[in-house]
Amino acid sequence: MASTSEEARAATAYMRERLSKQGKPSFLPPYKIPIIDLSPSFSQSLSSRKAVAAQIHSACTTTGFFYITHHSIPQSTLFNTLSLASRFFDILSPAQKDAIHMKNSSLHRGYEPASYTTIAGDAETKEGFNWGYEASLDPSGGDGRYIELDGSTRTDANLWPSEEDLPGFKDGIKEYYGAVLQLARHLFRLFALSLDLDESYFDEVMTHPGGIARLLKYPSAAAKNGVNDAGGEVEEVGLGAHTDYECFTLLLSSSTPGLEILSPSNTWIRAEPVPDSFIVNVADFLMRWTNGVYKSTIHRVVNRSQEERYSVPFFFSINYDAMVETLPTCVSDNNPAKFAPIKAGEYILERLNDATADGENGYGSAPKS
Ligand SMILES: O=C(O)CCC(=O)C(=O)O
Ligand SMILES: [Fe+2]
């Protein structure tokens, strides 16, 4: 079995190979991203919950991406969160942003200017702000045992703008983060059912879970696009092609499209925004944990519209100190366990470091120079 760093390198090589075959963007719908109505998952009836789990299983073994609707987070919370994102980027001055710059964080937290990351040598257009789990943001209060990606017990990793600079920001973040964290826990119980495991199978590894979230702003195409030598439009990539590293991502976005998914035939498919939904995608740690049964799909963001795009991804991980081995229901004679047991935090940190080492994008992206 490969070592963790060999695995990280293999993941990067896999993505390069796929991208070398990519076709022109294709916006025909040969590949449909399913929409799953979560309402029955809140029912007392196990068979209703299992029916939702079956849809999750089908999506995770094919597209690796799905939308969820009727997820229980009020529309007003979604709206307020996207407003927080626009306030953060538009109100804070360059000096106020610089005071919480990601360069001051060993754990990739804080403000990330567009120029901070590159994709194939060009700056990505997105601006970001990253933060992670704090027990004070967890409606369950946590279990007092949170550890950081680097194994430390520090509680000061996040870099927040001051209340004076951005009144109400931290309270708004707390409301959103708490809601999305509880939704992720609910979803992970459905994931357990979807994998033929007891519904409570993952409960003990989500008591102090890793959960990085980001605010992202992608400027409009009008603000960014130039014209190339042949007179065609130059397309600027907002966020380069990547897979996510954790268990799964819950993505909230404004109504401006931009997210694209690499289909099995290596064409880019647009994920059109669905009102009041989240997009959920399987990430690499869960793909590994399920022995490759659940698919972590390559995606990127290109804002081709005349409007800005705002998005707020939440990357749900289990407790970073949890040791996992391949799920028993994902191993068979035809599909023997491919991966060695591993600690969640160790895997994610290795992937972040690998992304940093080769100077490419991804959460934890490398500085440009
Ligand atoms: O902004 C988006 O729509 C996607 C963001 C994303 O893929 C990421 O941050 O990993
Ligand atoms: Fe992503």
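Whatever order the structure lists ligands and atoms in, that order sets their numbers, starting from 1.
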>> Quick check: closest heavy atoms across Tyr310 and Ala85, and the distance to 0.1 Å?
In response: CD2-CB, 4.0 Å
> Hey, which atoms in ligand 1 end up nearer than 4.0 Å to a heavy atom of Leu239?
Replying inline: 5 (C), 6 (C), 7 (O), 8 (C), 9 (O)
> At the 4.0 Å heavy-atom cut-off, does Gly258 count as touching ligand 1?
Replying inline: no
>> Less than 4.0 Å is my threshold; does some heavy atom of Arg300 fall inside it relative to ligand 1?
In response: no
> Ring centres of Phe202 and Trp289 under 6.0 Å apart?
Replying inline: yes
> Is the CD atom of Glu163 crowded by more than 12 outside heavy atoms at less than 6.0 Å?
Replying inline: yes
> Do Ile56 and Met287 sit in the same hydrophobic cluster, where Ile, Leu, Val, Met, Phe, Trp and Tyr count as joined when their side-chain heavy atoms come under 4.5 Å apart?
Replying inline: no
> With a 6.0 Å cut-off on ring centres, are Phe129 and Phe89 close enough?
Replying inline: no
> For the Fe ion (ligand 2), which protein N/O/S atoms are closer than 2.8 Å?
Replying inline: His242 NE2, Asp244 OD1, His299 NE2
>> Tell me if the CD atom of Glu204 is crowded by more than 12 foreign heavy atoms within 6.0 Å.
In response: no
> Going by the order shown, which atoms of ligand 1 are within less than 4.0 Å of some heavy atom of His299?
Replying inline: 7 (O)
> In terms of atom number and element, which parts of ligand 1 are under 4.0 angstrom from non-hydrogen atoms of Leu216?
Replying inline: 1 (O), 5 (C), 9 (O)
> Between Phe42, Phe66, Phe278, which is the residue that forms a ring-ring contact (aromatic ring centres under 6.0 Å, His included) with His71?
Replying inline: Phe278
> Does the pair Asp165/Lys97 count as a salt bridge with the N-to-O cut at 4.0 Å?
Replying inline: no
> side-chain contact (heavy atoms from CB on, under 4.5 Å) with Leu259: which of Ile279, Ile33, Ile269?
Replying inline: Ile279
>> Tell me whether Lys126 reaches ligand 1 (any heavy atom closer than 4.0 angstrom to a ligand atom).
In response: no
> Can you list the atoms of ligand 1 that are under 4.0 Å from a heavy atom of Arg214?
Replying inline: 9 (O)
> Which of the numbered atoms in ligand 1 are below 4.0 angstrom from a heavy atom of Arg309?
Replying inline: 2 (C), 3 (O)
> Which atoms of ligand 1 sit under 4.0 Å from any heavy atom of Val301?
Replying inline: 1 (O), 2 (C), 3 (O), 4 (C)
> What is the minimum heavy-atom distance between Thr243 and Ser296, and which atoms define it?
Replying inline: CB-OG, 3.6 Å
> Which ligand 1 atoms does Phe315 reach within 4.0 Å, using its non-hydrogen atoms?
Replying inline: 8 (C), 9 (O), 10 (O)
> Should you measure from each heavy atom of Pro313, which atoms of ligand 1 turn up under 4.0 Å away?
Replying inline: 9 (O)
Would you tabulate the side-chain donor-acceptor contacts of residues 73-81 under 3.5 Å, counting partners in other chains and residues two or more places apart, or write 'none'?
{"unit_1": "Thr77", "atom_1": "OG1", "unit_2": "Glu175", "atom_2": "OE2", "d": "3.1"}
{"unit_1": "Asn80", "atom_1": "ND2", "unit_2": "Ser76", "atom_2": "O", "d": "3.2"}
{"unit_1": "Thr81", "atom_1": "OG1", "unit_2": "Thr77", "atom_2": "O", "d": "2.6"}

> What heavy-atom pair brings Gln55 and Ile35 nearest, and what distance separates the two atoms?
Replying inline: OE1-O, 4.4 Å
> How does Thr249 reach ligand 1, by side chain, by backbone, by both or by neither, if only non-hydrogen atoms under 4.0 Å count?
Replying inline: neither
